[in-house]
Amino acid sequence: VTYKSQIIKAAAFELADTGRFLPALSIQGEGADDVRFFDPPCPDALFASASGAIEDAIQFAMSIVDREESTLPALVQ
């Protein structure tokens, strides 16, 4: 997903046969080599579906970009 010139990548990983998923998230400026990785906002919170974990991670990433909008050049260095 591209949001405000930032590339957001999200994934979900199932915790060993639990049927519960933990999201993973990265944000990268378009055309930049550096990638920032983020822990989920609530690392103890697990999701019932991979799609739910991914959707939540993307929303979290968008909120990070919105909060850091004034420092976006730092994201793409």
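Index from 1, following the sequence. These numbers were taken from a predicted model, which means no experiment stands behind them.
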A50 versus A12, closest heavy-atom pair with distance: O-CB, 3.7 Å

Close side-chain approach of T2 to I8, heavy-atom, < 4.5 Å: no

Cluster overlap V35 with Y3, hydrophobic side-chain contacts below 4.5 Å: no

F13 with F47, same ILVMFWY side-chain cluster at under 4.5 Å: no

E14 side chain vs G19 backbone, donor-acceptor pair below 3.5 Å: yes

Flag side-chain contact, heavy atom, 4.5 Å: F21 against L15: no

Non-hydrogen atoms of L46 and R20 that approach each other most closely: O-NH2, 3.0 Å

Distance, nearest 0.5 Å, that separates NZ of K9 from CD1 of I54: 13.5 Å

Could you list the donor-acceptor pairs under 3.5 angstrom formed by side chains in residues 56-64, with sequence neighbours left out?
unit_1	atom_1	unit_2	atom_2	d
S63	OG	F60	O	2.6

Close side-chain approach of Q28 to D34, heavy-atom, < 4.5 Å: no

Cluster link F38 to I7, ILVMFWY, side chain under 4.5 Å: no

